[in-house]
Number of protein chains: 2
Amino acid sequence: MGAVENERHDPRVPLWTPVCQAIAALLSPYAEVVLHDPGTDRVLAIWNPMTSRGQGDPSLLGELDDLDPSGKDVYGPYEKLLADGRRLSSVSAILRDAQGEPSAVLCVNLDRTPLEQAAAVLSAFAAPTVQRPQPLFEQDWFERIQQVIGSHVRVTGRPVERLSREDRLTILRRLEQDRVFAVRRAAPVVAGALKISRSTLYGLLAELRAPRAKE
Amino acid sequence: MGAVENERHDPRVPLWTPVCQAIAALLSPYAEVVLHDPGTDRVLAIWNPMTSRGQGDPSLLGELDDLDPSGKDVYGPYEKLLADGRRLSSVSAILRDAQGEPSAVLCVNLDRTPLEQAAAVLSAFAAPTVQRPQPLFEQDWFERIQQVIGSHVRVTGRPVERLSREDRLTILRRLEQDRVFAVRRAAPVVAGALKISRSTLYGLLAELRAPRAKE
DNA sequence: CGACCATCTGGACTATTTGTCCAAAATAGA
DNA sequence: TCTATTTTGGACAAATAGTCCAGATGGTCG
């Protein structure tokens with residue numbers, strides 16, 4: 001930890017330390033508590049770190065992505081995935097000083113993996129051995145694409161070649177909901193099926209995924 | 001502990017009592033252990049009874065339904081439903097004397113309800129509130145992983161930490177069949193769930209996928 | 001105990017896939 | 001035809017997937 005000195009005396013750290021420590025202690029060892037400086041976008045302090053981040057490091061993970069100042073100060077819990085496969089539940093909160101000005105951003109990352117494993121063990125314990133008949137899994141993501149597009153074409157009566165922009169957005173919204181793009185190589189296949197270029201595909205997707213950027 | 005005059009001296013009861021008592025103690029208070037007489041179809045003894053049956057009562061629940069003497073002596077676990085809605089997992093075993101003759105039938109009935117409730121609590125803990133838009137398609141790949149691994153662990157009795165190389169290959173073969181690795185980011189999750197490194201994971205996978213390289 | 005074998009690990013590295021960007025071409029409309 | 005919008009191909013940048021290997025680990029056997 002290099003740049004410790006110049007932030008050691010940041011008044012915000014001692015201010016929020018008790019809360020953070022309490023949370024970290026309560027949820028240890030499965031939760032990491034991070035205090036960010038929203039101005040410099042760096043870590044002010046961290047308790048029980050799960051990644052290799054330390055104080056002064058830039059805020060990774062996009063924890064501060066879209067903390068729009070409209071309305072709520074608490075975000076999540078939403079899901080995050082670590083490189084090593086752990087699944088986190090994260091909540092963030094904007095901490096304000098006495099004047100109501102944003103002072104720091106608090107993030108709590110809880111590793112859900114052990115809980116989920118425990119749940120799996122418990123629910124499987126002494127359960128009948130007969131396996132569930134396997135939900136077909138994602139064999140059919142390909143068919144699914146055909147299906148969604150085909151059905152839309154049939155409903156609107158427009159052939160794939162001349163669907164409107166809106167049509168395509170609708171279809172993509174649907175495929176996105178169905179998590180089709182969580183399957184490797186699905187994107188180019190969809191582009192092909194829609195007879196549009198990969199660029200366009202990603203453009204439309206970005207539009208969908210953007211919270212409310214447009215308008 | 002059940003004991004009635006006219007059967008007090010049945011030599012089978014003292015013979016099997018230690019095992020039954022041990023099982024009952026281990027799983028108490030959620031399991032009932034019953035010792036049946038396959039000849040008279042009556043209860044020889046019962047520990048930790050969950051229903052109102054007692055010693056000498058006729059064997060209810062059809063626990064002895066189809067214990068065909070061909071091959072295995074252990075049956076289940078299969079599911080049973082109690083009148084009050086509790087879900088039981090049951091195993092039965094034919095106990096044989098020194099001559100190999102059927103001596104008694106052991107049934108263990110485990111009440112799964114509290115476990116299932118606990119599992120529900122655990123899996124809900126800190127789960128993202130906004131997620132799960134559509135269970136339509138399979139986002140279940142994660143659960144699937146838990147399921148496959150969990151079931152293997154249960155069957156072999158080995159905890160995840162000390163599965164053998166073969167165990168892991170078996171599990172991976174299964175996951176591969178289920179196309180789990182066609183899902184983005186599945187690999188590190190599997191590695192994490194198996195408690196092995198990403199390297200090892202890919203090594204084992206390569207071994208599986210190699211046509212006939214090994215030998 | 002110590003050598004030995006098999007396997008696993010962390011990390012560096014390469015390959016493939018995903019996602020972004022932009023200037024130019026295509027298309028739709030008035 | 002002229003203009004505004006959208007699409008396209010292709011160049012990049014970023015993220016994931018997969019490979020490789022030297023060293024760590026763990027179990028076995030004399």
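Protein chains get the first letters and strands the later ones, always in sequence-line order, with residue 1 at the start of each.
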Minimal heavy-atom distance between Glu176(B) and Phe181(B), with the atoms involved, is OE1-CD1, 3.4 Å
Please classify the nucleic acid contact of Ile196(A) as base, sugar-phosphate, or nothing, using heavy-atom distances under 4.0 Å.
sugar-phosphate
In this structure, are over 12 heavy atoms from other groups packed under 6.0 Å from Tyr30(B) atom OH?
no
Between P on dA17(D) and CZ on Arg209(B), what's the gap in Å once rounded to a whole number?
11 Å
Could you state the CG-P distance from Leu172(A) to dG19(C), rounded to the nearest angstrom?
13 Å
Working note: His152(B) + Leu163(B), criterion side chain to side chain contact (heavy atoms under 4.5 Å, CB included); need CA distance, chi angles, decisive distance, verdict.
CA-CA 10 Å; His152(B) 191 95; Leu163(B) 287 175; 4.2 Å; yes
Distance-only donor-acceptor check, side chains Ser164(A) and Asp167(A), under 3.5 Å
yes
Checking Arg12(B) side chain against Ser103(B) main chain: does a donor-acceptor pair fall under 3.5 Å?
yes
Testing the basics here: between Asn48(A) and Ala31(A), what is the closest heavy-atom pair and its distance to 0.1 Å?
ND2-O, 2.7 Å
Only one of Glu161(A), Arg162(A), Arg168(A) passes side chain to side chain contact (heavy atoms under 4.5 Å, CB included) with Lys195(A), and that residue is Glu161(A)
Nearest-nucleotide pick for Arg184(B), side chain only, options being dT16(D), dG18(D), dC8(C):
dT16(D)
How about Leu172(A) and Leu194(A): do any of their side-chain heavy atoms sit closer than 4.5 Å?
yes
Using whole Å, what does the distance between atom P of nucleotide dA15(C) and atom OH of Tyr202(B) come to?
16 Å
Collect all protein-nucleotide pairs involving nucleotides 9-11 of chain D in which both atoms are nitrogen or oxygen and the distance is under 3.5 Å.
{"residue": "dG9(D)", "atom": "N7", "partner": "Ser199(A)", "partner atom": "OG", "Å": "2.9"}
{"residue": "dG9(D)", "atom": "O6", "partner": "Ser199(A)", "partner atom": "OG", "Å": "3.1"}
{"residue": "dG10(D)", "atom": "O6", "partner": "Ser199(A)", "partner atom": "OG", "Å": "2.7"}

Are the side chains of Val189(A) and Trp141(A) in touch, meaning some heavy atoms are under 4.5 Å apart?
yes
So do the side chains of His36(A) and Val43(A) get within less than 4.5 Å of each other, counting heavy atoms only?
yes
Would you check, one step at a time, whether the test side chain to side chain contact (heavy atoms under 4.5 Å, CB included) holds for Leu106(B) with Val19(B)?
CA-CA 10 Å; Leu106(B) 169 75; Val19(B) 226; over 6 Å; no
Angle of first-five versus last-five pair axes in the helix from dC1(C)-dG30(D) to dA30(C)-dT1(D), to 10 degrees
30°
Check the distance between dA6(C)'s C1' and Glu207(B)'s CD and give it to me in whole angstrom.
12 Å
Nucleotide dA6(C), atom C1' - distance to CG of Leu163(B) in whole Å
17 Å
Over how many whole Å does the gap from Glu176(A) atom CD to dT18(C) atom P extend?
14 Å
Using a cut-off of 4.0 Å on non-hydrogen atoms, how would the nucleic acid contact of Arg162(B) be classed: base, sugar-phosphate, or nothing?
nothing
Under a 3.5 Å distance rule, please check whether Asp178(B) uses its side chain to pair with a backbone N or O of Val180(B) as donor and acceptor.
no
What is the separation between atom CG on Leu208(B) and atom P on dT19(D), rounded to the nearest whole Å?
12 Å
To the nearest angstrom, the CZ-C1' distance between Arg168(A) and dT5(D) comes to 13 Å
So if I take residues 185-193 of chain B and measure heavy-atom distances to DNA chain D, which residues fall below 4.0 Å?
Arg185(B), Pro188(B)
Shortest side-chain distance from Arg165(B), nucleotide among dG18(D), dT20(C), dT7(C)
dT7(C)
